[in-house]
Amino acid sequence: MALDNADIAAVLSRIAVFSELAGENPFKARAFSSVARAIEKHPERVEDLAAQGRLREIHGVGKSIEEVVADLLVTGRSGLLEDLMGRFPAGIQDLLSVSGMGPKRVKAVHENLGVSTIGELEYACRENRLVALDGFGEKTQANILKAIEFRKRSQDSRLFSDALSIGEDLVALAVKSGHFRHVQIAGSLRRGKSSFKDIDILAILAPGTGTDGARDFLASLSDPDGIIGAGDTKVSIHRMGLQVDFRMVSAGSHASALQHFTGSREHNTLLRSRAKARGLKMNEYGIFRDDGTDIACPDEEAVYRAVGLGWIPPELREADGEMEAAEAGTLPVLVEAGDLRGMVHVHTDWSDGTRSVEEMARECRKRGFSWMCLSDHSRTASYAGGLDAERLVEQAEEVKALNRKLSPFRIFHGVESDILADGSLDYPDGVLDGLDFVIGSIHSKLTMGKEEATKRLLSAIANPRLTVLGHASGRLLLAREGYPFDEAAVLDALEAHGTVLEHNCNPHRLDPDWSLLRRAARRGIPISIDPDAHDPEGLDDMRFGLTMARKAWCTPERIFNCMEVEEADAYFRKRREAFGTS
DNA sequence: GCCGTTTTCGGCCCGACTGTTTTCAGTCG
């Protein structure tokens, strides 16, 4: 029974959810869900750890959870989970996804009204039956109904690009209002993520400003009927269908509030435990000693320093080893925009791009890049105007001429070759041998099973002419899952063949996910941050990929396109020499 | 259920907001 870490984590999370529903000790549920998170992120296969008797090495795994995992690995099932789930009708956990419905209320509507689906809950609200329950009233019922309706009409999440544009727009409006001294994006939008359910914005009140006016102003930014709550320090609204939480604090709490509202929750929990162990209390207003006096924190550096840590970049605040690294002084110096030299994976009007090679090259140069990897589509991608072998040769001539014209800027000539169903590339070897590099991507037959997809990827990676593996998972965020594949086998192959792994920065893709990127980078597989641009605006998507690379703990040394042009040239030459065509 | 610069038992981060309540429970982040 092969189970990967995600499968095991999913079972433990369900145990946590159903334990809460069953009204068990809430700390028990927390124990299961924190181990679920740890397993999901764990670099080693839990199945291997179990085989070596090393499960207890995972923080939070004790006797009981070890047994649950062992049970799961042997039988593929969990007796504990089945017992818990047996007490409730199927699908009841959906009720928890309605904002305002937590375990207690789900339990109450289920036990007293027989409600077990969102549809039944909506009906019960309309029949005015919730008000009869203890602890429920008119307003609670109305709010639950509103939350159900919101859930029905809104897409649950937004892309990075959408969330950022809504957030930046709100920051600009709030700054302009004059109510605030500073307005700043916090939360997961500051930490970086591939999709967003809400955004957090920190607003520091201007001197002498009253909270009433500030609160009313922020509430006025809401969609019609979109105010979720508005108090003295917190205003929550829906803006363009996305939940936005504003937090207002005075200037003295700026640094603590920024740290607090940036999160993640798990990171903050660890940080506050740490503070507590040092006799300090930490909250969004400051850091306090036992006697109530506070430690002055002019900036986030001071906040971390107060608990004996160096400053941790927001992207790393996921409770995944950053605290230990900060304590040991081994935090990585993360890649920055200024470290990037090459723009890899650029399309032009030779295939489905909108601009000429020269225009795209000049746009790259304008953005401070010194080289570009031109990669139009290959012949099988006829829907995208893919190039046949003759056109590819013509394009090579144009690239040669442009390289003379634009020197010292350098265009490397390659192609984004479809990886065909059997894993082969889209041209005969002789054609590929004339190129500087080849990006291989899967664009067709996306519904393969795990075994078939893995075989297809492995066969492409084993081809020495493949330089870069493009958008490896095939996912489209909020739209398409991507095909399943054996991650460990693919990473092994990339490592063995010295193949570059692309991180595709298109906000619809952000592929592969930063968590996989981190595992790849940890093995020393070079990562290329690629815009997959079809026009100049597409080049600016690099900012999203850069954030993901930072979340993956990447230093410039890990990033392929941080190489200088001479190094990149030498790299491509060496790759080609390996199969004797330089 | 887990764990130990406070500990093998007693805690487990901390606060805002809302609504149903006269002092707090539930939910959320």
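No experiment lies behind these values; they were computed from the predicted model shown. So you know, we letter chains A, B, ... as the sequences are listed, proteins then strands, and number each from 1.
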d([atom1], [X]; [atom2], [N]) in whole Å:
X: A:Asn268; N: B:dG29; atom1: CG; atom2: C1'; result: 10 Å
X: A:Asp290; N: B:dT6; atom1: CG; atom2: P; result: 12 Å
X: A:Leu130; N: B:dG26; atom1: CG; atom2: C1'; result: 14 Å
X: A:Lys63; N: B:dC2; atom1: NZ; atom2: C1'; result: 13 Å
X: A:Ile228; N: B:dT27; atom1: CD1; atom2: C1'; result: 13 Å
X: A:Asp134; N: B:dC24; atom1: CG; atom2: P; result: 18 Å
X: A:Asp245; N: B:dT27; atom1: CG; atom2: P; result: 18 Å
X: A:Lys146; N: B:dG19; atom1: NZ; atom2: P; result: 9 Å

Can you tell me if the side-chain N/O atoms of [X] get under 4.0 Å from OP1 or OP2 in [N]?
X: A:Lys276; N: B:dT6; result: no
X: A:Asn143; N: B:dG19; result: yes
X: A:Arg247; N: B:dG15; result: no

Using the [atom1] atom in both, what is the distance from [N] to [M], to the nearest Å?
N: B:dA16; M: B:dC9; atom1: P; answer: 36 Å
N: B:dG1; M: B:dG15; atom1: C1'; answer: 26 Å
N: B:dT18; M: B:dT23; atom1: C1'; answer: 15 Å
N: B:dA25; M: B:dT20; atom1: C1'; answer: 9 Å
N: B:dG26; M: B:dT22; atom1: P; answer: 14 Å
N: B:dT21; M: B:dT27; atom1: P; answer: 15 Å
N: B:dC3; M: B:dT8; atom1: P; answer: 16 Å
N: B:dC17; M: B:dG10; atom1: P; answer: 36 Å

Which base, if any, makes a Watson-Crick or G-U wobble pair with B:dT18, both distances under 3.5 Å?
B:dA25

Give the nucleotide from the list [options] with an atom nearest to the side chain of [X].
X: A:Glu284; options: B:dG15, B:dC13, B:dG1; answer: B:dG15
X: A:Ala277; options: B:dT6, B:dC3, B:dC13; answer: B:dT6
X: A:Arg272; options: B:dG29, B:dG15, B:dC14; answer: B:dC14
X: A:Phe32; options: B:dC12, B:dG15, B:dG1; answer: B:dG1
X: A:Thr269; options: B:dC2, B:dC17, B:dC13; answer: B:dC13
X: A:Lys28; options: B:dG1, B:dT20, B:dC13; answer: B:dG1
X: A:Thr140; options: B:dC2, B:dC14, B:dG19; answer: B:dG19
X: A:Asn25; options: B:dC12, B:dA16, B:dG29; answer: B:dC12

Does the base of B:dG26 carry an N or O that pairs as donor and acceptor with the side chain of A:Arg105 under 3.5 Å?
no

Would the base of B:dG15 count as contacting A:Asn283 through its side chain, where contact means a donor and an acceptor less than 3.5 Å apart?
no

Base, sugar-phosphate, or nothing: which does [X] touch, judged by heavy atoms less than 4.0 Å apart?
X: A:Phe136; result: sugar-phosphate
X: A:Val98; result: sugar-phosphate
X: A:Ala230; result: sugar-phosphate
X: A:Ser99; result: sugar-phosphate
X: A:Glu138; result: sugar-phosphate

Does a side-chain N-to-carboxylate-O contact under 4.0 Å join A:Arg87 and A:Glu24?
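Salt bridge between A:Arg87 and A:Glu24, a charged N being under 4.0 Å from a carboxylate O: yes.
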
Derivation of the salt bridge (charged side-chain N to carboxylate O under 4.0 Å, His left out) call for A:Arg126 and A:Glu149:
CA-CA 12 Å; A:Arg126 294 197 190 285; A:Glu149 278 166 1; 2.9 Å; yes

Please report the C-alpha distance between A:Glu266 and A:Arg191 in whole Å, then the side-chain angles of each, then the deciding distance to 0.1 Å, and finally whether the salt bridge (charged side-chain N to carboxylate O under 4.0 Å, His left out) criterion is met.
CA-CA 13 Å; A:Glu266 292 80 10; A:Arg191 297 200 311 278; over 6 Å; no

Is any side-chain heavy atom of [X] less than 4.5 Å from a side-chain heavy atom of [Y]?
X: A:Asp94; Y: A:Thr117; answer: no
X: A:Leu81; Y: A:Val68; answer: no
X: A:Glu57; Y: A:Glu44; answer: no

For A:Val106 and A:Lys234, find the nucleotide of DNA chain B closest to each by heavy atoms; which residue's nucleotide sits nearer the 5' end?
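The residue closer to the strand's 5' end, by nearest nucleotide, is A:Lys234.
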
Pairwise 5' ranking along DNA chain B for A:Ile65 and A:Lys104, keeping only the more 5' one
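By nearest-heavy-atom nucleotide position, the 5'-most residue is A:Ile65.
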
Using distance alone, with no hydrogens and no angle criterion, decide if A:Arg215 and A:His179 have a side-chain donor and acceptor under 3.5 Å apart.
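No - no donor-acceptor pair under 3.5 Å links their side chains.
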
A:Thr293-A:Arg289 side chain donor-acceptor pair, cut-off 3.5 Å:
yes

